[in-house]
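Presented below is the structure to which this report refers.
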Amino acid sequence: MIDPRILRDDPDRVRAAQAKRGLSDAVVDTALAADAARRAAIGEFEAKRAQQKQLGKQIPQAQGEEKQALLAQTKTLAAEVKAAEAAQGEAEEAWRAALLSIPNLADEQTPAGGEDDFVVLETVGTPRDFAAEGFEPRDHVELGRLLGAIDLDRGAKVSGSRFYFLTGVGAELELALVNLAMEQAREVGFTQVIAPSMVKPRAMDGTGFLGQAADDVYRIEGQDMYLVGTSEVPMAAYHSDEILDGASLPLRYAAFSPCFRKEAGSHGKDTKGIIRVHWFDKVEMFVFTTPEEAVAEHQRLLEWEKMFLDKLELAYQVIDVAAGDLGLSAIRKFDCEAWIPTQGKYRELTSTSNCTEFQTRRLDTRARYAAGAAAGEGSGGSGGSTGSGTEVGPVATLNGTLCAMTRTIVAILETHQQADGSVRVPKALQKWMGREVLEPLEPARG
RNA sequence: GGAGGCGUCGCAUAGUGGCCUAGUGCGCCCGCCUGCUAAGCGGGUUGAGGGUUGAACCCUCUCGCGGGUUCAAAUCCCGCCGCCUCCGCCA
């Protein structure tokens, strides 16, 4: 949810942000009208309620006829209060609904436009030139079969399309990646978390996934619960309804969880292999910090993502995602796209978003800060006790992929394959894999 | 799944229809006193929203959540949620 104050004070800013995403600004006027109606309704209810309380106080002291008169008077008033309260409730609800329909205001630096209007910020490493090396690269499906690492046939048999079993070195590879990711996370100061992958509607809605992304979300039949598409969801809700200690920020979590996605509307895309699947495991970085620090923290998350990809010795580019392709909650998003040799293009491996206060406002997470942190306080003069100590203020959230297992496995297998079908293990993973090369089970298997 | 109990301010507790503008203790903050520390003394200490663009001030809501009864609800009634204990089942 965006800041209601910005809507009221600077609606043109909201209109501009809507335009940048390619959305209508009609919601702005709807929301402004709802805000006015809401405030009028609040005024009416409160006036009636105050009157009721005033009269109510007189009743215990009153006697006889006077008391009867008061009772009659206050009885009709009670009905009016009830009606005014209901009207206020409806006005609040309409206002809230209007506000909730507005996505976070895209950052000034975010490129305008849709999916194809991203800006390439940086290219790291050089894609391998297999032609120069003199052999045709195998895709990850074939490599996975040769190594006994990925079993797609049985995935389909047991669970359907877009499912897989990781077996042997495939399973080892995932566990090694989890370990490497968690090791890095710990070293840079994250708290490791194993997060639930089923959540209540509050968490799903609070992170903005029941908006335009609702089609991609699995709902549990007969229960008011959802399977998460990322541990961003449980982690954003982790501190819901809490007031954090401002001095404890930033709170950095690295959460492991399975991720479930319907992939509705992607029929025909990436049908082969494990690029696009209904379930995968992921280590996600999630940070609670101050609004002032959010932009700098976003850069740090990007650096940690790059650090991880560097350890895997992958070639990749970093893109600045355009406004129309941002999620509901984000003001800016950077994707790291690794080079996939057999596709001849860069594919998204990681993604980091700055959601500012959008999610915490929905989920009611705030922090207690030292007073006057943002206000001017150098007024001098009287040395009286002005500093009231602390004040409650907003908290920003950011998320970033550390390692999404399946796509990372694809990139590693394809990038580090050798002519004989074996795959070189990146140095950083060797410690966890216990070997330097993954060998095919049999030269001619399959 | 069955039975019972409990949810009050950061924590602990009091409160069984109007005297609750929720008391007390602890913790915390400010001040006084004080070689230092401790003790002692005085004051403060939930959050949200509205009146206002900010401050002061005023008002409304907030005793797990949502309904209801009543002129009036922390208090009575109903539903839900969470926690605890016991039984059953189970990785």
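Quantities reported herein were computed from a predicted structural model and do not represent experimental measurements. In the text below, chain A, chain B and the rest are named by the order of the sequence lines, each starting its count at 1.
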How many Å lie between CE on A/Met1 and C1' on B/A48, as a whole number?
12 Å
Using the side-chain hydrogen bond (donor to acceptor under 3.5 Å, both in side chains) rule, take A/Glu305 and A/Thr350 through it: C-alpha gap first, then chi angles, then the decisive distance, then the call.
CA-CA 7 Å; A/Glu305 290 184 356; A/Thr350 69; 2.9 Å; yes
Pairing check on B/G23: which nucleotide meets the Watson-Crick or G-U wobble criteria with it, both distances under 3.5 Å?
B/U13
Does B/U60 pair with anything, Watson-Crick or G-U wobble, both distances under 3.5 Å, and if so, with which nucleotide?
B/A48
Distance between C1' atoms of B/G23 and B/G35 (Å, rounded)
40 Å
Below the 4.0 Å mark, does B/G50 have OP1 or OP2 next to a side-chain nitrogen or oxygen of A/Arg8?
yes
Looking at A/Glu187, I'd like to know if its CD atom is crowded, meaning that more than 12 non-hydrogen atoms belonging to other residues, nucleotides or ligands lie closer than 6.0 Å.
yes
Quote, to the nearest angstrom, the C1' distance that separates B/G5 from B/G64.
16 Å
Go through A/Phe163 and A/Phe165 one step at a time and tell me if the ring pair (Phe, Tyr, Trp, His ring centres under 6.0 Å) criterion holds.
CA-CA 7 Å; A/Phe163 282 92; A/Phe165 285 75; 9.6 Å; no
Whether A/Thr74 side chain and A/Leu71 backbone form a donor-acceptor pair below 3.5 Å:
no
Return the pairing partner of B/C86 with a 3.5 Å limit on both distances, Watson-Crick or G-U wobble; otherwise return none.
B/G2
Rounded to whole angstrom units, what separation is found between the CD atom of A/Glu242 and the C1' atom of B/G47?
15 Å
Starting at atom CG of A/Asp241, determine the distance to atom C1' of B/G82, rounded to an integer number of angstrom.
13 Å
Report which part of the nucleic acid A/Arg202 touches: base, sugar-phosphate, or nothing (heavy-atom distance under 4.0 Å, all strands).
nothing
Is there a donor-acceptor contact under 3.5 Å from the side chain of A/Tyr164 to the main chain of A/Trp279?
yes
Base partner of B/C65, which must satisfy Watson-Crick or wobble distances under 3.5 Å
B/G79
Considering only the P atoms, how many Å lie between B/A12 and B/A3, rounded to the nearest integer?
29 Å
Would you say A/Lys53 places a side-chain N or O within less than 4.0 Å of OP1 or OP2 belonging to B/C61?
yes
Are the charged groups of A/Glu297 and A/Arg252 less than 4.0 angstrom apart, N to O?
yes
How far does the C1' atom of B/U13 sit from the matching atom of B/A72, given to the nearest Å?
27 Å
Using whole Å, what does the distance between atom P of nucleotide B/C28 and atom CG of A/Asp245 come to?
15 Å
Euclidean distance for P, B/C63 against B/G7 (whole angstrom):
15 Å
CE of A/Met225 versus C1' of B/C81: gap in Å, rounded?
13 Å
Rounding to a whole Å, what distance do you find between A/Leu244:CG and B/G10:P?
15 Å
Take atom P in B/G68 and the same atom in B/U52, then report the distance between them in whole Å.
31 Å
Nearest-Å distance, CD (A/Glu92) to P (B/U60)?
17 Å
Determine: side-chain N/O of A/Arg368 to OP1/OP2 of B/G10, distance under 4.0 Å, yes or no.
no
What string of B, S and - do you get for nucleotides 62-79 of chain B 5' to 3' if you count protein non-hydrogen atoms under 4.0 Å?
-------S-BS-------
Provide the distance between the two C1' atoms, one in B/C26 and one in B/C9, to the nearest whole Å.
13 Å
Using the P atom as the reference point in each nucleotide, state the distance between B/U60 and B/U21 in Å, no decimals.
11 Å
With nearest nucleotide decided by heavy atoms, which residue, A/Arg38 or A/Lys67, maps closer to the 5′ end of RNA chain B?
A/Lys67
Find the partner of B/A55: check Watson-Crick (N1-N3 plus N6-O4 or O6-N4) and G-U wobble (N1-O2, O6-N3) distances, both under 3.5 Å, and reply none if neither fits.
none
Under-3.5 Å donor-acceptor pair between A/Glu46 side chain and B/G49 base:
yes
Checking salt bridge (Lys or Arg N to Asp or Glu O under 4.0 Å) for the pair A/Asp117/A/Lys20: CA distance, chi angles, key distance, verdict?
CA-CA 12 Å; A/Asp117 296 312; A/Lys20 197 164 188 178; over 6 Å; no
Complement of B/C71, any strand, by Watson-Crick or G-U distances under 3.5 angstrom:
B/G18
Report the distance from atom CD1 of A/Ile42 to atom C1' of B/A48, rounded to the nearest whole Å.
11 Å
Show me the side-chain donor-acceptor pairs of residues 231-238 of chain A shorter than 3.5 Å, one per line, residues at least two apart or across chains.
unit_1, atom_1, unit_2, atom_2, d
A/Ser231, OG, A/Ala255, O, 3.4
A/Glu232, OE2, A/Gln359, NE2, 2.8
A/Glu232, OE2, A/Asn399, ND2, 3.3

Under 4.0 Å between a side-chain N/O of A/Arg366 and OP1 or OP2 of B/A48, yes or no?
yes
Is any side-chain N of the basic residue among A/Asp35 and A/Arg5 closer than 4.0 Å to the acidic one's carboxylate O?
no
With both distances under 3.5 angstrom, what nucleotide forms a Watson-Crick or G-U wobble pair with B/U37?
none
